[in-house]
**Q** 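Starting off with a structure, shown below.
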Protein chains: 2
Amino acid sequence: MRNTKQKNLVLEIINNSCNHLTAEEIYMECKKVIPNISLGTVYRNLNHLVESYKIIRIKMKDNIDRFDKNVIHSHVICSECGKIEDVMFDFIKKLPIIKDYEIMNYDLIFNGICKKCKEKEN
Amino acid sequence: MRNTKQKNLVLEIINNSCNHLTAEEIYMECKKVIPNISLGTVYRNLNHLVESYKIIRIKMKDNIDRFDKNVIHSHVICSECGKIEDVMFDFIKKLPIIKDYEIMNYDLIFNGICKKCKEKEN
DNA sequence: CCTCTTATTAATAATGATTACTAATAAGAT
DNA sequence: ATCTTATTAGTAATCATTATTAATAAGAGG
């Protein structure tokens, strides 16, 4: 895996963001620095960075992936409006031993209804 | 939400299967009973059943969703071959209290490398 | 510093899982 | 039985993501 300014930029954008960015959003941020960067390049580097555990991919119900720093934490997603937030609490203290598998990490997503949507319901 | 033989069939197929079926696989099973059932009908009912917590949706890296019974358990997925298996252990004893959210359930996926892929690597 | 190999890139086309649309049908309430 | 409307079959459209290709640039090894 080679070092490129495109790959470094994608990683830097994700590490410096507090949001859970989509590929399209990362692409727009990249263009501010490298105006002619290609969307395909962003997608390819996102895949590389996920595979090398530099970032994490969050699979959303709307089929638009989001990307985040690889810091141990979980997420809570509102089933109603799709809002996603970090949950900074270690529900799983250490990686479990699962027969016939070498476990690298885990994805934990809590599904629920946020305050705003709850109020709208009533 | 109305009861239809199509919706009941989709639910029955998922509840009677030990695998994590794709929409296409469920569609093929449905056709054995209702030959002219539409793929769109399967997708619509899958969405209804997920929204009403009758089944769960598993978002996969290959962007092909899989569906499973709504019984509390987790999954382990091989990053190499994509194989998915059940993990019948309650890592999270009860749903946590998260500020500003009413939590309904959670999705927990362990990522790792299976025995077969590990052996292939060496 | 210079090759040389080959991973990476920009630009664009293609893919395919899922959703949208529409007229016909059938739940199930009254 | 009638009526409303959610659901259906069939088909077309969507669009996030991947594939393709010729040109470029890491970075290894002289």
Side-chain angles (χ1 to χ4, degrees), chain A residues 1-14 19-52 54-68 77 79-82 84 107, chain B residues 1-14 19-52 54-68 77 79-82 84 107:
Chain A
M1 183 147 88
R2 285 178 186 170
N3 245 356
T4 65
K5 60 177 197 276
Q6 290 88 344
K7 186 177 295 171
N8 292 335
L9 178 58
V10 169
L11 180 57
E12 194 189 341
I13 286 167
I14 293 169
N19 300 322
H20 305 86
L21 303 172
T22 63
E24 195 71 37
E25 287 167 345
I26 293 163
Y27 173 56
M28 298 310 271
E29 281 302 308
C30 283
K31 282 177 90 162
K32 292 178 185 172
V33 181
I34 305 172
N36 74 328
I37 195 171
S38 177
L39 180 57
T41 296
V42 171
Y43 270 105
R44 188 168 6 77
N45 281 317
L46 286 170
N47 286 340
H48 284 174
L49 291 166
V50 168
E51 280 161 26
S52 56
K54 299 264 176 54
I55 62 172
I56 59 170
R57 180 200 309 274
I58 309 167
K59 304 290 299 180
M60 304 285 286
K61 295 228 166 68
D62 63 2
N63 287 330
I64 305 175
D65 291 0
R66 289 172 177 272
F67 298 89
D68 198 1
I77 301 178
S79 317
E80 207 65 34
C81 65
I84 175 170
D107 302 320
Chain B
M1 184 146 88
R2 285 181 185 168
N3 246 357
T4 66
K5 60 176 196 271
Q6 290 87 344
K7 183 176 295 168
N8 292 334
L9 179 57
V10 169
L11 179 59
E12 193 189 342
I13 286 168
I14 292 169
N19 300 322
H20 305 84
L21 302 172
T22 64
E24 195 70 37
E25 287 166 345
I26 293 162
Y27 173 55
M28 297 310 270
E29 282 301 309
C30 283
K31 282 176 91 163
K32 292 178 184 171
V33 181
I34 305 172
N36 74 327
I37 195 170
S38 177
L39 181 56
T41 297
V42 172
Y43 271 105
R44 187 170 5 80
N45 280 318
L46 286 170
N47 286 340
H48 283 176
L49 290 166
V50 168
E51 280 160 26
S52 56
K54 299 265 177 53
I55 61 172
I56 61 170
R57 180 199 309 274
I58 309 167
K59 304 290 299 182
M60 305 285 288
K61 297 227 165 68
D62 63 4
N63 288 328
I64 304 175
D65 291 359
R66 288 172 176 274
F67 298 88
D68 198 0
I77 301 178
S79 317
E80 207 65 36
C81 65
I84 175 170
D107 301 321

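Quick note on labels: first sequence line is chain A, next is B, and so on, each numbered from 1.
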**Q** If you check the Asn36(B) side chain, which of dT8(C), dT12(C), dG10(D) turns out closest?
**A**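 The nucleotide sitting nearest to the side chain is dG10(D).
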
**Q** At what distance, to the nearest 0.5 angstrom, does CG of Leu46(A) lie from CD1 of Ile55(A)?
**A** 5.0 Å

**Q** Figure out the CD1/P separation between Ile34(B) and dA26(C), and round it to whole Å.
**A** 12 Å

**Q** Figure out the CE/C1' separation between Met1(B) and dT5(D), and round it to whole Å.
**A**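 Those two atoms, CE and C1', are 16 Å apart.
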
**Q** From CG of Asn45(A) over to P of dA26(D), roughly how many Å is that when rounded to an integer?
**A**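 About 13 Å, once rounded to whole Å.
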
**Q** In whole angstroms, how far is the C1' atom of dT24(D) from the NZ atom of Lys5(A)?
**A**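 Distance check: Lys5(A) NZ to dT24(D) C1' gives 10 Å.
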
**Q** May I ask you to evaluate whether Tyr43(B) reaches the phosphate of dT19(C), defined as a side-chain N or O under 4.0 Å from OP1 or OP2?
**A** no

**Q** Just by distance, no angles: are the side chains of Arg66(B) and Asn19(B) close enough, under 3.5 Å, to form a donor-acceptor pair?
**A** no

**Q** Is there a donor and acceptor pair closer than 3.5 Å between the side chain of Arg2(B) and the base of dT5(D)?
**A**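 Present.
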
**Q** Is there, by distance only and without an angle test, a donor paired with an acceptor across the side chain of Thr4(B) and the base of dA27(C) below 3.5 Å?
**A** no

**Q** A side-chain contact here means heavy atoms from C-beta on lying under 4.5 Å apart; do Leu39(A) and Glu24(A) qualify?
**A**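 The answer is yes, as the side chains (C-beta and beyond) meet within the 4.5 Å cut-off.
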
**Q** Rounded to the nearest Å, what distance is computed from the CG atom of residue Leu9(A) to the C1' atom of nucleotide dT8(C)?
**A** 15 Å

**Q** Could you check Asn3(B) against Leu39(B) and say which one's nearest nucleotide on DNA chain D is further toward the 5' end?
**A**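 Comparing both residues, the 5'-ward one is Asn3(B).
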
**Q** Does the side chain of Ser38(A) get closer than 4.0 angstrom to OP1 or OP2 of dA11(C) through an N or O atom?
**A** no

**Q** Rounded to the nearest Å, what distance is computed from the OH atom of residue Tyr27(B) to the P atom of nucleotide dG16(C)?
**A** 17 Å

**Q** Would a 4.5 Å heavy-atom cut-off, applied to side chains only, mark Lys7(B) and Met1(B) as touching?
**A** yes

**Q** Between Asn45(A) and His48(A), is there a side-chain heavy-atom distance shorter than 4.5 Å?
**A** yes

**Q** Using whole Å, what does the distance between atom C1' of nucleotide dA16(D) and atom CG of Leu21(A) come to?
**A**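 From Leu21(A) CG to dA16(D) C1': 16 Å.
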
**Q** Quick one: are Asn63(B) and Lys59(A) in side-chain contact, heavy atoms under 4.5 Å?
**A**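 Yes, close enough: below the 4.5 Å cut-off.
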
**Q** By a strict heavy-atom criterion of less than 4.0 Å, which residues belonging to residues 56-66 of chain B are in contact with DNA chain C?
**A** Asn63(B), Ile64(B), Asp65(B)

**Q** Within the pair Gln6(B) and dA9(D), is there a side-chain N or O less than 4.0 Å away from OP1 or OP2?
**A** yes

